[in-house]
Structure formats: C-alpha cells, structure tokens
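A quick note: this is a predicted structure, and the numbers were derived from the prediction, not measured. Order of the sequence lines sets the chain letters (A, B, ...), proteins ahead of strands, with each chain counted from 1.
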Amino acid sequence: MSESEQSITVDEAYEQDNDKSIKFLRPRFHAEAFPTVQIFGYVGSLVLTFAAYFLVMNHVLPVLALLIIILTLAALQAALQLGVFMHVKEGRGLAWQIIPLYLVFLIAFGMVGMSIWIMLFKSGVS
Amino acid sequence: MFAQRLMESYRKLVLAALAAGAGLLSAGFSFGPKYVLLHPAGPVAKSELHVFILALELMAIVAVIVLALFFYAIVRFRDTAGNTAPYTPNWHSHTLLEVSVWILPAILLLFIAIPTVKTTFSLAHLPKGKDPVVIDVTSLTWKWLFEYPKQHIATVNYAVIPANRPVLFELTADSPMNTFWVPQLGGMEYTMPNRVLPLWLEADKAGTYWGHSGQFSGVGFEKMFFNVKAVSQKSFQTWTTTTASAHPMTLAAYDRLLKQTTVGDSTYGNYPADTFPTLASGFSLTGSGMYMVMHDKKGISYIPMVGS
Amino acid sequence: MSLPLVDEHAQQLPLEFADEHESMKITGFWMFLVTDVLIFASLFSTYAVFHNSVAAGPTANQLFKMGPVLLETLLLLTSSFTIGLGIYAMRKGQVRALMAWTFLTILLGAGFVTTEIHDFVSFAALHATWHTSAFLSAFDILVGTHGAHVTFGIFWAVTLLFQLRKHGITERTARKIYTFSLYWHFLDIVWIFIFTFVYLNGKLG
Amino acid sequence: MPSFVPYLVHTLFPPGVLLPDILLIDFGLICAGIGVIVLLTKTRRWGWLWYDWLTTVDHKKIAILYLIASLVMLMRGGIDALMLRAQLALPTTHFMPASQYDEVFTTHGTIMVFFMGMPFIFALFNAVVPLMIGARDVAFPRLNAMSYWLFAFGAILFNISFVIGGSPNAGWTAYPPYTGLAFNPGPGENYYFLALIIAGMGTTMTGINFLVTTLKMRAPGMSLMKMPMFVWSTMVTSALILFAFPPLTVALAMSLFDRLFGSHFFTLARGGMPMMYVNLFWLFGHPEVYILIIPLFGVFSEVVATFSKKVLFGYPVMVASIVAIMFLAYGTWVHHFFTMGAGPAVNAFFGLSTMLIAIPTGVKIFNWIFTMWGGRIQTTTAMLYQMAFIPVFMVGGATGILLAVVPADYQLHNSYFLVAHFHNVLIGGTLFGLLSGLYYWWPKMFGMKLNETQGKWAFWLFLIGFWVTFLPQYLLGLKGMTRRIYTYPLGFGWHDLNVISTFGAFIMGAAFVVLVYNIVWSLLYGERDLTGDPWDGRTLEWSLPSPVPEYNFPRIPVVHDRDAWWAMKQKGQSLADLRPEDVHDVEMPKNSPIPFLLGASFFVLGFGMTFAWWPIAIIGFVGIILCLLFSGFDYDDHHHLKADVIRQTEATLGRLQG
Ligand code: HEA
Ligand code: HEA
Ligand code: CUA
Ligand SMILES: [Cu+2]
C-alpha cells in the first residue's frame with residue numbers, strides 16, 4: 001500500500017468526513033492497556049446466560065414473565081457483545097454501521113412479532 | 001348546503017366521465033349488469049362497494065387537482081420562443097406549499113381511512129340476531145365441494161342458499177390455495193390447506209350469482225366457476241329435504257374429486273365424516289387433520305389436462 | 001455503555017482502519033451482517049410460527065436436552081472471548097499471540113460443531129428429522145443455518161491463519177482478521193437468541 | 001448406456017417443451033449461438049471479449065453489461081406479454097394450451113421484475129453514481145463484477161428453463177403448496193427458486209456496494225444534503241435491498257428444500273403452513289416494488305430539474321419523503337393478503353399503514369410539478385417520459401389507494417383491477433423512468449445521443465399503447481375478471497375489452513421495435529456528443545467528457561454546492577482546466593476472471609440442483625469454493641495508472657492546460 005504510509009489519526013479522519021455534523025456517529029476507540037474490557041465481557045456473558053438458564057429450569061416465575069425476562073437478558077447480552085467485542089463504534093471518519101444496525105434490530109423484532117400477530121388467526125366470525 | 005350541491009354535481013361529473021370513458025371503450029356500453037362489482041346483491045357486497053365508491057370519489061378529487069396543476073405547468077412553462085411566463089430558475093422553496101403538501105393529503109386520507117376501518121371491523125361479524133346457514137367449502141383441484149353440516153348434504157360446483165339470511169362459509173382446501181369469491185355477494189377469502197377461514201355473505205334477493213376462484217392453482221383453475229343460487233327460505237327447505245334422498249357421497253367418490261380434473265355439478269344426499277376438517281376429526285387450528293393428511297394420501301398422481 | 005475512552009486527540013487509527021480502501025471493507029462487512037441478521041430474523045419468525053406444528057412428532061419440550069446445549073453455549077461464548085483477545089493482541093502487533101488465539105478459537109468452534117452434530121444425530125435416532133413435522137423443519141433450518149455459518153467461519157479462519165503466516169499483520173490481514181472477528185461475535189449473538197428463544201423457550205412450554 | 005439417452009431426452013425435453021414453437025426457438029438459439037461464435041472467431045474478438053468485458057471490474061462497463069442484459073430481458077418479457085395478450089383476445093381458439101399460458105405469465109412477471117427492472121436500475125447506478133459523487137469507482141469493484149455475474153448467470157439459468165426441462169408455472173409469487181412436488185413435478189419451479197436465489201445474492205451484494213459507495217466515497221465537500229437526488233435514491237434503494245432480500249432468500253430456500261429434500265415447511269402434510277411463505281414473500285415483495293420505483297424517483301428528479309432549467313423544488317422535503325417511503329415500505333406487506341383471514345385488526349392496521357405512503361409519494365409528485373413551475377420546459381424524450389409519468393403514476397397510485405381500502409380489496413384482490421394497478425405503476429413509473437434515464441444518460445455512457453425524433457415516436461407509441469392496454473383492464477376488474485386465466489366463458493362480457501387491451505399491447509410492441517431501431521440507428525449514425533454536457537446538466541457527471549475515461553476524474557473535484565456542476569458553470573469554472581501538476585498516479589482495480597468464474601460455478605451448481613443431478617451440483621460447489629479461495633489469497637488486485645498516461649488522455653481530450 002503506497003499512499004498509506006503517512007498514517008492518520010482518528011481526529012484527522014473524522015475532520016475529513018463530509019458529514020461530521022452527524023455527531024452521534026463519531027467513532028470511539030477503546031483504550032487497551034490490559035484486556036479488562038474483554039474479560040468483563042466474557043464474565044458478563046456467562047453470568048447472563050446462566051442466569052437465564054437457572055431461571056427457566058427452576059420455573060421461578062409464570063411462563064410469560066419468564067419469557068420476557070430471558071428475552072431481555074438475551075438482548076442485554078447482544079448489546080454487550082456488540083459493545084465490547086464488536087467495537088460497533090469504531091470507524092474511519094464516521095461509524096456509519098450504527099444506523100443500519102439500530103434499524104435492523106428494529107425490523108428484526110418487528111418481523112418476528114408481526115409474523116406471530118398475523119398468523120395467530122384471530123379472525124373468527126362471531 | 002352549497003357544499004352538498006357541489007358534491008352532488010361533482011359526483012355526477014365523475015360518474016359521467018367514467019361512464020363516458022367506459023362507453024367509448026366498450027362499444028356503447030354503460031355500466032350495465034355485467035359490471036358485477038357495481039351491482040351488489042347483498043349487504044356485504046353493498047358495504048364494500050360503498051367504501052370503494054367513496055374512496056374513488058376522493059381520489060378523483062386528488063387526481064383533478066394534480067392533473068390541473070400539471071397540465072397548467074407544462075403548457076405555461078414550455079421553453080418556446082416568446083414565452084412570457086415568469087422564469088424563476090432559483091425558486092426552490094416555499095414553506096407554506098411544502099407544509100401543505102404533507103398536511104392536505106393527510107387530511108384527505110382520514111376521510112378514506114375512517115370508513116375503511118369501520119367497514120373492516122363490521123364485516124368481521126355476522127349480523128346479530130340472525131341465525132346463519134353454515135356451509136363448509138372445500139376447494140379441490142379444480143372444483144368446489146360444498147357440504148352442509150346441519151343438513152348432511154353436499155354439492156359440487158354449486159350451492160343453494162336462502163335469500164335474506166346470512167350464510168357462514170367455512171373455507172378450507174384439500175389442494176393448493178384458491179380464493180372463494182362470489183362478486184355480487186361480497187369479497188373473497190382464501191381457502192388454505194390446514195386452515196379453516198370463515199366468511200359470511202348474504203343475498204338480498206333470489207337469483208343465481210356466479211362465483212370464481214381468484215387464486216391460480218393449476219391448469220384447470222380457470223374452470224373453477226360455480227353458481228350460488230339464492231332461493232326463498234321455503235324453497236331452500238324443500239331443496240334440502242329432497243336432496244337428502246339423493247345418493248350419498250362415498251369415500252371413493254371423494255377420492256375421485258381429489259384427482260386433478262374438472263367436473264360438472266353434482267349433488268349428494270350425505271357425505272363421509274373427515275372430508276372436512278372438524279375438531280371431531282382431530283383438526284385443530286395448529287395441526288393437521290385434513291383428509292389427505294390423515295389418510296396419508298399425499299403425493300396424488302398428476303393427471304395433466306389436455307387442451308379441454 | 002461507559003467504557004474507558006482514551007483522549008481521542010492524536011490517537012492513531014488502528015492498522016485495520018489505516019488504509020481507506022481496507023477500512024471501507026469493514027463498513028461493507030457490517031452491511032453484510034445486517035442482511036444476515038434478517039436472514040436469521042426470517043428463520044426465527046418461521047420457527048415462532050411453526051413451533052406448535054408438531055404434527056404427530058415430538059414437541060420441543062420432549063426433544064431438547066439441555067446438557068449438550070449448555071456445552072455448546074459455553075464453547076461458543078469462550079471462543080468469542082478468545083477471538084476478542086486475538087484482536088487485542090493484533091492491536092499490539094503480536095502476530096504469534098494473534099495466531100494462537102485464532103487457533104484456539106477454531107478449536108472451540110470445532111468443538112461446538114461436533115457437539116451440535118452429535119445432538120442432531122441423536123435426534124435422528126428418535127426419528128426426529130425434518131421429515132417429521134413443520135416444527136422440526138423450522139428448528140433444523142434455524143439451528144442448521146447457524147451451524148453452517150460456524151462451519152464456514154472455521155474454514156475461513158484457517159485460510160486467515162495461512163495468510164497471517166505469509167504476510168504478518170498488515171493493513172490487509174488486520175482488516176481480514178477484524179472482519180472475521182465481527183462475524184464470529186455475530187454468530188455468538190445469534191446463538192444466544194437460539195439458546196433463549198428455541199431451547200429455553202422450549203423448556204418453558 | 002442406451003437407456004441413459006431416452007432418460008436424458010425425457011428429462012430435458014418433456015412433452016411441455018416438445019412444442020413445435022419451442023423447438024423452433026431451440027433451433028434458432030443454437031443457430032444464433034453458432035453464428036456468434038463464428039463471428040467472434042472470424043473477427044478475432046475472443047480476447048477482446050474476455051479481457052475487455054467478461055473480466056472487467058470497471059463500473060462503466062458493468063453498467064453497459066447490465067443494460068444489454070436488461071434490454072434483452074425486456075424483449076423476452078415483452079414477447080411473453082404479447083403472447084398473453086394474444087391468447088386473451090382469442091379465448092375460444094386456444095392460441096396456446098393452458099399449461100403454456102401458465103408458464104408464460106410466470107416468466108413474464110418474473111423476468112420483468114427481477115431480470116429487466118432490477119438490472120436496468122443497476123445499469124443506471126453503475127453508469128452514473130460514481131460520477132455523480134466524484135469517485136473513481138464503486139467501493140468494491142470486484143464485488144460489483146461478482147454481483148453482475150451472479151445476476152447474469154441467474155438470469156441465464158432462469159431463461160434456459162423454457163428450452164430445457166420446462167418453465168416454472170406458478171406465477172411470479174410462486175405460492176405453495178402449488179409449488180410443492182405433489183402438484184408441480186418437473187424442474188420448472190426448481191429453476192425459479194435457484195435462479196432467484198443466485199440473482200438475489202448478486203442483488204444483495206449490489207445493495208451493500210452502493211450503500212458503502214454513497215456513504216463513504218463522496219468527493220470532499222459533498223455532505224449528505226448536497227448529494228444529487230439520484231444518489232439519495234440510490235442510497236435508500238440500497239438500504240431497502242439489504243433489508244428486503246433476506247426474507248425472500250429464506251422463503252425460496254425453504255420452498256426448494258421442500259421440493260428437493262422432503263422438509264415440511266409449506267407442504268399440505270405434517271403441519272406445513274403455506275401462509276408463512278406468503279408472509280415472508282411479501283415481507284420482501286412490498287419493499288421490492290419500492291426498490292423498483294425509488295431509483296426512478298431519483299431519475300425523474302434529475303431529469304425534471306435539468307430540462308426545466310430550474311433547481312429542484314424543496315430538496316430537503318424530497319429527501320425526507322424518500323426516507324419516509326423507505327421506512328413505511330416495511331410496514332405494509334400484509335396488504336397483499338388481506339383476504340387470508342388475519343383478522344380485522346391486522347387488516348385495518350396494514351390498510352392504514354399502506355395509505356400513509358400516499359403522503360410522501362404525493363409530496364414528491366407536487367414538488368416535481370413545482371419544479372416545472374416557473375421553469376422553461378424542454379420537451380426532450382427524457383423529459384417526455386418524465387411528464388407522462390406524472391399522470392400515469394397518479395392514476396396508478398390512486399388505484400393503489402383503492403386497493404388499500406380493505407373492504408374494497410376483498411373484491412378487487414387478484415382481479416384485473418389489480419393487474420391494471422400494478423402495470424400502471426410498473427410501466428408508468430418504473431419502465432418510463434428507466435427509459436427516461438436511458439435517453440438522459442445515454443450520451444454519457446456511449447458518447448453519442450439517441451436520435452430524438454425516433455425517440456419521440458417510441459415514446460408516443462408507448463404512452464398511447466399503455467392507456468389502451470390498461471384502462472380496459474380496470475373495467476375488466478369491475479366485471480369480475482380474475483388474473484392468470486387463459487380462457488373465459490363468453491357470457492361475462494369480457495371479450496370486447498380484452499380485444500381492445502390486446503390491441504394496445506401491440507401498440508406497445510411497436511413502440512419497443514421503434515426503440516430498438518432508435519438504439520441501433522443511433523449507434524451507427526448517431527450524433528456524437530463532443531461537449532460532454534449535451535443537456536446543459538447540473539450534476540458532476542456532466543463535467544466529464546463522454547464517454548468517460550477509465551479513471552473518471554483526473555483530479556477529484558471539491559464540491560461546494562448542491563448542483564455542483566451547475567454552480568461551477570455559473571461561477572465560470574470548469575474541470576477542463578487541469579494543470580499537469582494536478583495529476584498524480586491513480587490506484588485502479590485490476591481486472592479479474594474470478595467474478596465470471598464464480599457466477600459460472602453458481603450456474604453449474606444451480607443447474608445440477610434443478611435436476612437433482614448431484615455430481616454436477618458438487619462440481620459447481622467446488623468451483624465456488626475455489627473461486628473464494630483464490631480471491632482470498634489474491635493480494636495483487638490493483639494497479640497504478642501512471643500520471644503520464646492520464647495526462648496524455650486528458651491532453652487528447654483537450655482538457656489539459658499548457
Ligand atoms: C412500482 C411498483 C409499485 C408501486 C410504486 C406501488 C404503489 C402502491 N401500491 Fe401497489 N402493487 C404493485 C406494484 C406497485 N405498487 C404490484 C406489482 C402489485 C401486485 C403484486 C402481485 O400480486 O402480483 C401491487 C399490489 C398492490 C396491492 C395488493 C392488492 C391485492 O393483491 O389485493 C395494494 C393494496 O393495498 C397496493 C397498494 C399500493 C399503494 C397504496 C401504493 C402507493 O405507494 C401509491 C402512492 C401514490 C399515490 C397515492 C399517488 C400520488 C399521491 C398524491 C398525488 C398525493 C395525494 C394522494 C392522496 C391523498 C391519496 N398495491
Ligand atoms: C416491470 C414490469 C412489467 C412490465 C414492463 C410489463 C409489461 C406488460 N405486461 Fe405485465 N406483468 C408484470 C409485470 C410487468 N408487465 C407482472 C409482475 C405480472 C404478474 C405475473 C403473475 O401473474 O405472476 C404481469 C402480468 C401481466 C398480465 C396478466 C396475466 C394474467 O394474469 O393472466 C398481462 C395481461 O395483459 C400483462 C400484460 C403486459 C403487457 C401488455 C405489457 C407491455 O408493456 C409489454 C410491451 C411489449 C414489449 C415492451 C416488447 C415487445 C417485443 C417485441 C414486439 C419484439 C420485438 C423484437 C425485436 C425488436 C427483435 N402482464
Ligand atoms: Cu499500492 Cu495501495
Ligand atoms: Cu405492496
């Protein structure tokens with residue numbers, strides 16, 4: 001790679017971006033002196049998973065409540081993975097991926113929820 | 001008052017324009033009885049036509065406005081020599097206009113949306129206090145089987161119903177999907193395997209109304225016409241009793257119906273259980289129970305239709 | 001999420017973002033992941049709608065054994081951690097550590113796939129295959145698609161190891177490892193939802 | 001061995017394919033194929049074909065490849081349409097048998113949507129988007145070529161179905177369980193599923209590519225709100241593609257598995273639920289129709305401003321409305337199956353969400369009119385299509401609203417009213433938009449103008465033919481005629497209107513012939529475009545010579561205004577005043593055979609799977625793996641175009657100073 005010898009800083013890349021007025025896409029990078037974040041993520045994901053597991057296997061709550069809780073735990077865990085391991089906010093210039101990611105989770109949950117709603121067949125003529 | 005008169009004359013204008021266009025197109029033909037959608041013969045079809053016409057009129061208003069603006073613009077602002085119309089190459093925004101193009105259509109839509117929702121919900125319920133006739137409809141390749149669970153009689157490719165009494169059609173399929181549609185009585189509903197969908201219709205007056213399938217299901221599909229004969233309550237009674245003495249439908253006969261063929265009308269005095277999914281035959285809204293499934297008759301032989 | 005942030009001033013872009021063209025591929029890969037989210041969302045929808053259509057076959061509750069599933073979860077979560085450490089090492093420029101972590105990730109992934117296949121074979125022995133019912137069709141395709149993704153990821157990582165050996169950590173190999181890690185974590189997220197929505201939920205009902 | 005031959009003949013040419021006309025076409029195709037091979041050999045063009053076209057990664061050439069493919073597909077789809085219309089005008093004479101009619105409407109719909117509309121749109125994307133944003137190529141040139149070849153081989157796979165093995169025959173929507181083996185044996189539907197999966201992967205990659213291109217590759221200074229509208233529509237369409245195609249892929253794959261591997265997603269037996277297919281299909285299908293229209297909204301926005309000699313009215317509102325349409329497009333899919341008993345709450349919800357789309361769409365219509373208002377409208381062919389579009393789309397949109405009125409849809413679903421609605425928007429919107437774009441950007445792509453007189457002839461024939469064809473179909477809908485029937489009883493009074501409609505279709509056929517004549521004539525004798533800016537355009541692509549040199553911009557422009565090139569012209573600036581020292585080496589992607597080979601491998605895989613001939617499928621699969629491996633280990637994928645070469649090119653174009 002010829003041109004890239006003059007490596008560039010996060011700020012410079014950001015300043016060069018045409019759309020730097022879109023503030024919430026400003027990239028962030030972790031400081032990584034020791035992999036604390038990774039360890040935190042790993043432990044966190046284990047805790048969340050096994051919490052869900054034990055809640056369900058011991059039937060501590062009514063079914064619906066449990067379902068909501070474990071789905072929430074899963075969503076938390078997804079956020080954890082995205083934030084800690086996947087560095088969603090990293091980017092050169094702007095971290096554009098954030099917008100489609102928000103959207104896609106919205107659409108994905110909408111799709112599952114709506115499909116269930118549509119296919120329930122609450123259409124009985126009374 | 002004035003608004004009403006305006007509305008009235010506008011309405012006439014629209015209808016006249018449509019009729020004129022239609023007349024031109026179909027050789028001196030106005031909206032005669034062959035326009036089945038415009039000649040409903042029952043409350044369901046009537047209320048459907050009613051919202052349709054309402055929406056059509058409102059859309060015609062929009063169309064008139066848009067087309068007027070449009071034609072004015074393209075005539076006035078042509079790039080011809082000596083055109084004296086103002087030329088404003090940098091005119092790019094006008095707050096009032098930009099806001100009203102969002103607001104006005106939204107208001108107009110409300111007038112369509114409210115009746116839409118109302119009618120949708122009202123059509124989902126049988127009229128109260130009237131005891132419906134129940135008919136179980138199964139679409140087969142490529143014919144219609146009508147079974148009367150109360151009367152224990154069955155017909156193929158035609159149904160007889162009493163006029164002025166709601167009829168509850170329970171729809172299913174032992175075949176690919178079709179839609180059950182009798183245009184003059186009301187809109188369609190899918191017949192789907194593993195599902196029973198309800199549809200209620202009613203005929204205002206005696207008469208024969210043709211029906212058809214609206215969902216393609218194979219080479220014999222265009223032959224899936226059927227007739228719904230609305231007769232007086234009394235004739236209906238006599239019809240059911242005389243029919244009850246006709247030959248019963250056997251399982252073998254049902255098997256023949258399952259074949260991929262087209263057939264004429266027939267009438268049966270009785271029919272075997274299990275040909276229509278009922279709770280008794282193990283059917284639940286989430287599971288199997290269809291005849292074909294229960295008797296493991298998947299993989300029916302394919303008999304191609306030649307010409308016809 | 002309040003993570004420690006370095007003072008952004010004068011922070012160098014990591015190697016995988018240093019080249020404009022290479023960094024664009026990371027954005028592109030994110031977009032690919034977006035489509036993959038929806039592939040899985042469609043499969044989840046199907047599963048959600050079908051999960052009672054058991055026909056004459058077994059139900060979720062009868063079929064699922066939590067032992068292997070927990071093992072799979074543990075393996076996958078750990079592999080997500082190891083590849084995370086791999087990226088950490090990469091950012092420090094440590095090739096050997098990076099390769100070691102990647103290798104470990106591959107092993108864990110292989111462990112996951114083996115367990116999963118074993119589980120599926122045990123279902124087949126009970127005549128619970130996707131010929132049995134719509135429910136099992138939906139289950140198999142959801143879990144199977146995830147498994148296929150993991151398998152593909154393993155082969156991908158192997159080719160990356162070869163490239164690392166040949167070129168060391170460059171703008172391009174760094175970008176490739178980085179995208180691989182995104183892929184891998186993403187599969188972890190999907191698995192968490194399978195674990196919750198399919199297995200745990202199956203035990204609920 | 002001998003028994004092998006009859007088996008092969010029987011599988012590849014079953015009775016449905018052994019019709020005399022199809023055999024004639026078989027023969028014709030073989031002759032044409034041999035002719036092309038001979039011609040290429042005689043003129044020694046094989047190398048040219050391979051190095052300049054089949055392995056190219058240049059977006060401008062890929063655009064031309066897309067364009068050729070889509071015009072051919074327009075012809076195929078159009079001939080299908082004429083066959084349909086001929087049959088419907090002759091309900092009693094059986095111009096063709098039912099089975100063939102079914103195949104023809106299926107291929108007509110599928111080809112028009114997936115193999116005509118989409119590639120035509122991608123042709124326009126490829127031809128101008130990088131130029132409009134001041135970039136040297138798309139974000140991922142090689143991926144771009146892969147998209148093309150996946151699309152192309154998908155299209156080939158789909159098209160050979162009618163000469164080998166039999167065409168799909170379940171409509172472009174392919175609802176199960178009719179597509180199941182029980183009702184639909186033979187390879188037809190396999191072709192459909194596989195071809196669409198393969199082409200769909202290509203489309204998804206295009207979506208990713210152009211999303212990143214428009215996000216990341218804009219010239220310095222071109223912020224989001226300074227992008228030309230066409231670039232906005234590209235970005236939004238790409239996003240729609242990303243979100244829409246996955247459900248389709250899943251639905252198709254599950255149907256295929258039902259057929260090939262005996263799963264039970266949508267079968268009659270074992271709890272299968274065909275409606276889930278319908279649900280997934282329209283989760284894709286509705287966004288898809290907006291994928292087919294939004295790019296053309298972009299085209300119209302460019303065309304109307306250019307030929308009204310006026311800035312686009314209400315740019316921020318135009319952006320807002322296009323984004324609003326994108327969001328709303330995901331919330332309306334159930335309006336395609338209001339009659340599947342999902343209940344009044346569901347239906348009412350989706351009826352309302354559908355109507356909401358009228359608002360942003362209307363905003364666009366009004367803004368186009370206001371753009372013309374106070375302008376000086378030049379009635380070029382491109383502009384004529386734009387102008388015809390407004391009333392036609394108005395009517396199509398209005399009937400769409402009528403279909404969104406749930407109780408009305410109970411009556412109109414799957415009737416000819418619906419057929420008329422969607423041709424109104426697909427022809428008046430999509431096809432007119434594509435043709436408008438074709439006439440508008442043709443000089444940029446080929447360096448010459450299309451003849452305007454001939455173009456206007458084609459235009460008027462298209463427009464008149466369109467109304468004559470589809471107005472009667474609304475009336476047919478009111479008379480209760482349902483779609484996909486190849487014959488009908490005479491007693492319903494459907495015949496006259498069908499004859500009129502068929503007559504109109506042949507007028508459109510004539511229009512297409514004129515269009516082809518126009519293209520061929522112009523390629524031979526057309527007026528060269530020497531200025532690079534024949535329309536006095538507004539956006540950056542017109543700052544370049546036509547056709548555009550390989551590297552697009554010798555020096556990446558800096559953008560300060562919305563209509564960047566227009567503003568430069570107003571300020572008396574030009575890009576043709578390049579100084580030699582402004583030119584540097586340029587990094588360009590290298591041609592590669594991998595995309596072509598990848599597409600070919602997918603074709604082999606698809607063909608093998610269609611007939612369940614697993615050895616062939618495995619060969620294809622291995623090919624795919626090899627292609628992926630090669631491109632993974634290929635680090636040598638770009639070259640440096642020397643500044644001297646660029647200087648020389650620019651000098652001959654007369655754009656270099658000193
Ligand atoms: C380019 C493709 C395209 C476009 C843009 C549209 C646009 C719209 N479509 Fe259409 N549609 C199709 C292609 C398209 N459609 C296809 C292919 C099918 C059939 C598929 C099949 O079954 O094979 C179909 C089917 C279809 C159905 C299903 C019918 C059925 O199967 O029973 C419905 C129902 O709601 C519908 C509605 C609409 C609406 C409301 C719009 C709106 O977006 C239109 C909005 C535009 C306007 C309304 C005009 C301009 C607006 C104004 C001037 C503002 C003022 C207006 C108001 C206040 C109302 N369409
Ligand atoms: C962009 C999409 C598009 C386009 C442009 C068209 C264009 C046309 N369509 Fe089609 N149509 C669909 C999309 C489209 N259609 C879809 C999605 C369906 C639903 C399919 C289904 O049910 O599954 C459908 C269905 C459909 C039907 C309903 C069939 C049925 O339900 O039974 C009919 C019937 O009239 C029809 C007619 C036409 C006509 C007359 C044209 C005309 O515009 C065509 C004009 C003709 C040409 C443009 C080419 C003419 C070519 C020549 C004359 C050869 C010249 C040769 C040389 C120059 C060498 N179409
Ligand atoms: Cu050479 Cu980068
Ligand atoms: Cu739609």
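- Using a 4.5 Å cut-off between heavy atoms, C:Leu70 touches chain A through its side chain atoms alone.
- Note that CD1 of C:Ile26 and CD of A:Gln97 are 9.0 Å apart. Values are rounded to the nearest 0.5 Å.
- Using a 4.0 Å cut-off between charged side-chain N and carboxylate O, A:Glu90 and C:Arg91 make a salt bridge.
- The most heavy-atom pairs under 4.5 Å with chain C, out of A:Met114, A:Met57, A:Glu12, A:Gln77, come from A:Gln77.
- The number of heavy-atom neighbours closer than 6.0 Å to CZ of C:Phe155, taken from other residues, nucleotides and ligands shown, is 12 or below.
- Among C:Thr78, C:Val69, C:Thr170, C:Thr46, the residue making the largest number of heavy-atom pairs under 4.5 Å with chain A is C:Thr78.
- Smallest separation of non-hydrogen atoms from C:Gly84 and A:Gln38: O-NE2, 3.6 Å.
- If you measure heavy-atom distances from A:Leu55 to chain C, you find no contacts under 4.5 Å at all.
- No other option in C:Phe197, C:Tyr47, C:Tyr178, C:Phe40 has as many heavy-atom pairs under 4.5 Å with chain A as C:Tyr178.
- The neighbour count for C:His118 NE2, taken as heavy atoms of other residues, nucleotides or ligands under 6.0 Å away, does not exceed 12.
- For A:Arg92 (side chain) and C:Ser23 (main-chain N/O), no donor-acceptor pair under 3.5 Å exists by modelled atom type.
- One finds the CE atom of C:Met31 at 9.0 Å from the CH2 atom of A:Trp96 (value rounded to the nearest 0.5 Å).
- Top candidate by heavy-atom pairs under 4.5 Å with chain A, chosen from C:Leu15, C:Ile83, C:Leu182, is C:Leu182.
- Using a 4.5 Å heavy-atom cutoff, the side chains of C:Pro14 and A:Phe29 are in contact.
- For C:Phe120, the CZ atom counts as densely surrounded, since its 6.0 Å shell holds more than 12 non-hydrogen atoms of other residues, nucleotides or ligands.
- Note that the CG atom of C:Leu200 and the CG atom of A:Leu67 stand 10.0 Å from one another [nearest 0.5 Å].
- Contacts between C:Thr73 and chain A at a heavy-atom distance below 4.5 Å involve the side chain alone, from C-beta outward.
- Contact of C:Leu33 with chain A is made through the side chain alone, with heavy-atom distances under 4.5 Å.
- Heavy-atom pairs under 4.5 Å with chain C were tallied for A:Leu101, A:Leu66, A:Leu71; the largest tally goes to A:Leu101.
- The structure places CG of C:Leu77 at 5.5 Å from CG of A:Leu46, a figure rounded to the nearest 0.5 Å.
- Scanning residues 183-195 of chain C against chain A with a 4.5 Å heavy-atom cutoff picks out C:His185, C:Phe186, C:Asp188, C:Ile189, C:Ile192, C:Phe193, C:Phe195, ordered by number.
- For A:Tyr102, the OH atom counts as loosely surrounded, since its 6.0 Å shell holds 12 or fewer non-hydrogen atoms of other residues, nucleotides or ligands.
- Looking at A:Tyr14, there are no atoms closer than 4.5 Å to chain C (heavy atoms on both sides), in backbone or side chain.
- Contact of the C:Thr196 side chain with the A:Leu73 side chain is not registered, since no non-hydrogen atoms from C-beta on lie closer than 4.5 Å.
- For C:Thr35, no part lies near chain A; criterion is any non-hydrogen pair under 4.5 Å.
- Ranked by non-hydrogen atom pairs under 4.5 Å with chain C, the options A:Gly91, A:Gly41, A:Ala95, A:Gly113 are led by A:Gly91.
- Expressed to the nearest 0.5 Å, how far CZ of A:Phe109 lies from CZ of C:Phe44 amounts to 9.0 Å.
- Among A:Gly93, A:Ala78, A:Ala13, A:Ala52, the residue making the largest number of heavy-atom pairs under 4.5 Å with chain C is A:Ala78.
- At a threshold of 4.5 Å between non-hydrogen side-chain atoms, the residues A:Thr9 and C:Leu13 do not count as touching.
- Taking the six-membered ring where the residue is Trp, C:Phe81 and A:Tyr42 present parallel rings, their angle staying beneath 30° rather than reaching 60°.
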